[in-house]
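First the structure, in the form of structure tokens, and then the observations on it.
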Amino acid sequence: MRSSTFAQEVTQWYAVAARELPWRDGATTPWGVLVSEAMLQQTPVARVLPVWETWMARWPTAAMLAAQAPGEAVRAWGRLGYPRRALRLHRSAVAIVERHDGEVPASIEDLRALPGVGDYTAAAVAAFAFGVRVPVLDTNVRRVHARVFDGEPDATNGAPTVRERAAALDRLPLVDAPKVSIAVMELGALVCTSRAPRCEACPVAPRCGWLAAGRPAPTGARRSQTYAGTDRQARGRLLAVLRDSPDPVDRHALDVVWADDPQRARALDGLVADGLVEPLADGRYRLPA
DNA sequence: TAACCGTGGGC
DNA sequence: TGCCCAAGGTT
């Protein structure tokens, strides 16, 4: 019989091992938490940090961002990647002003209705900004649970199942649940990593099913992620030209950054369709006004 | 459901 | 060096 629980052990570890991140500072507003979660989607903390600081200094409230052109959000997003997130965050700011009086909503349902806010982000904002007891199932938390409790190398592919969600909820204490979620997330980010986990530094190693099983390797095929020469890379190149120019640019400025004509045209059309680029009547292009 | 959507750092 | 992957969301 153990004298402490999984949640307690991870929380105690967190107290001494956690990184100091500005959006975890108790003074951060719900808006600041939402901005951090949007930026952290598929993007490492180290790259988010400076952009988040700049962003929050410029737009400390949703209303201030909503008053700007969406292109300004795309420009400030810089090289974080997946720039549609910047557009969606701007649209969320507009929705927050229009539907919620400028205040980030606290309910999962209202959060989930914001553009760019899925199950994870809604749960994260509800938990970290408002203290709601809800499972926060990001890739880190799912991996930790899969290893410790199921003895598996990683969580299953695809969205969390109902039973996975229920199990995660069961493992949350009745008080201070968000603290446990952030601690487990941090454990997954710093110790129980996807590659080269540091089990010797893990506070729950003695109870870990995966470690007990001899750390079996994942079996399934991983996703391929070739990037060079893809439409994605082309889109990135084109958008970078617009981001870096204070004024609209002509076709030639875009032509020179991507040689393949049909692919460049396809990428540009896609950017326009996504609302990331605006064609002007004079044949030039700019970020959306 | 699986494909698509950026970018850069670590091993 | 190339591959892996990092607090996902949308269609």
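For clarity, every value in this text was computed on a predicted model and none was experimentally measured. Chain identifiers are assigned alphabetically (A, B, ...) following the order of the sequence lines, protein sequences preceding nucleic acid strands; residue numbering begins at 1 within each chain.
For B:dG8, one of the phosphate oxygens OP1 or OP2 lies less than 4.0 angstrom from a side-chain nitrogen or oxygen of A:R79. Proximity of A:R243 to the phosphate of B:dT7: a side-chain N or O atom is located under 4.0 Å from OP1 or OP2. Phosphate contact (OP1/OP2 of C:dG9, side-chain N/O of A:T121, threshold under 4.0 Å): present. The side chain of A:R235 contributes an N or O atom lying less than 4.0 Å from OP1 or OP2 of B:dG6. Contact check, A:Q42 against C:dA6: no side-chain N or O comes under 4.0 Å of OP1 or OP2.
Among the atoms of the strands shown, none is found under 4.0 Å from any heavy atom of A:D274. Among the protein residues, A:R47 comes within range of the nucleic acid bases, having at least one heavy atom under 4.0 Å from a base atom. Using a 4.0 Å heavy-atom cutoff across all strands shown, A:L21 reaches at least one base atom of the nucleic acid. Within the 4.0 angstrom heavy-atom criterion, no nucleotide atom of any strand lies near A:L239. Residue-level contact check: A:G118 touches the backbone only, with heavy atoms under 4.0 Å from sugar-phosphate atoms and none from bases. Contacts of A:A46 with the nucleic acid, taken as non-hydrogen atoms under 4.0 Å apart, are absent. A:W77 comes within 4.0 angstrom of no nucleic acid atom, judged by non-hydrogen atoms across all strands. Residue contacts shown for A:R24 include a base, since a base heavy atom lies under 4.0 Å away. In this structure, A:V141 reaches neither bases nor backbone, as no heavy-atom distance under 4.0 Å exists between it and the strands shown.
The side chain of A:P44 sits closest to C:dA6 out of C:dG8, C:dC5, C:dA6. Side-chain proximity of A:R88 to the nucleotides C:dA7, B:dC5, C:dT10 is greatest for C:dT10. Ranking C:dT10, C:dA7, C:dG8 by closeness to the A:R143 side chain, first place goes to C:dA7.
A donor and an acceptor atom sit less than 3.5 Å apart, one in the side chain of A:T43 and one in the base of B:dG6. Side chain A:R84 to base C:dT10: no donor-acceptor pair is found below 3.5 Å.
The separation of B:dC11 from C:dA7, taken at their P atoms, amounts to 15 Å, rounded to a whole angstrom. With both ends at atom C1', the span from C:dA6 to B:dC5 equals 15 Å, rounded to whole Å. Rounded to a whole angstrom, the distance from the C1' atom of B:dG8 to that of C:dT1 is 16 Å.
A:L80 has its CG atom 15 Å from the P atom of C:dA7, to the nearest Å. Here B:dT7 presents its P atom at 17 Å from CG of A:L40, a figure rounded to the nearest Å. In this structure, CG of A:D138 is placed 6 Å from P of C:dG8, rounded to the nearest angstrom. When rounded to the nearest whole Å, the span between CG of A:L89 and P of C:dG9 equals 13 Å. Rounded to an integer number of Å, the gap from CZ of A:R266 to P of B:dA3 is 17 Å. Following rounding to the nearest Å, A:L276 (CG) and B:dC5 (C1') show an atom-to-atom distance of 10 Å. Following rounding to the nearest Å, A:L242 (CG) and B:dG6 (C1') show an atom-to-atom distance of 15 Å. As a whole-Å value, the separation of A:E37 CD from C:dA6 P is 16 Å.
Side-chain atoms of A:D176 and A:R133, non-hydrogen and from C-beta on, never get closer than 4.5 Å to each other. At least one side-chain heavy atom of A:W23 sits less than 4.5 Å from a side-chain heavy atom of A:V45. In this structure, A:W55 and A:L65 have side chains that are in contact, with non-hydrogen atoms separated by less than 4.5 Å.
The aromatic rings of A:H145 and A:F149 lie tilted to each other, with the angle between the two planes from 30° to 60°.
A salt bridge does not link A:R75 with A:D244: none of the charged nitrogens is closer than 4.0 Å to a carboxylate oxygen. A salt bridge is defined here as a Lys NZ or Arg NE, NH1 or NH2 lying under 4.0 Å from an Asp or Glu carboxylate O, and A:D250 with A:R284 fails to meet this definition. Between A:E186 and A:R24 there is a salt bridge, since at least one side-chain N of the basic residue sits less than 4.0 Å from a carboxylate O of the acidic one.
Nearest-nucleotide positions on DNA chain C place A:A189 closer to the 5' end than the other of A:R112 and A:A189. Between A:L114 and A:R19, the residue anchored nearer the 5' end of DNA chain C, judged by the nucleotide with its closest heavy atom, is A:R19.
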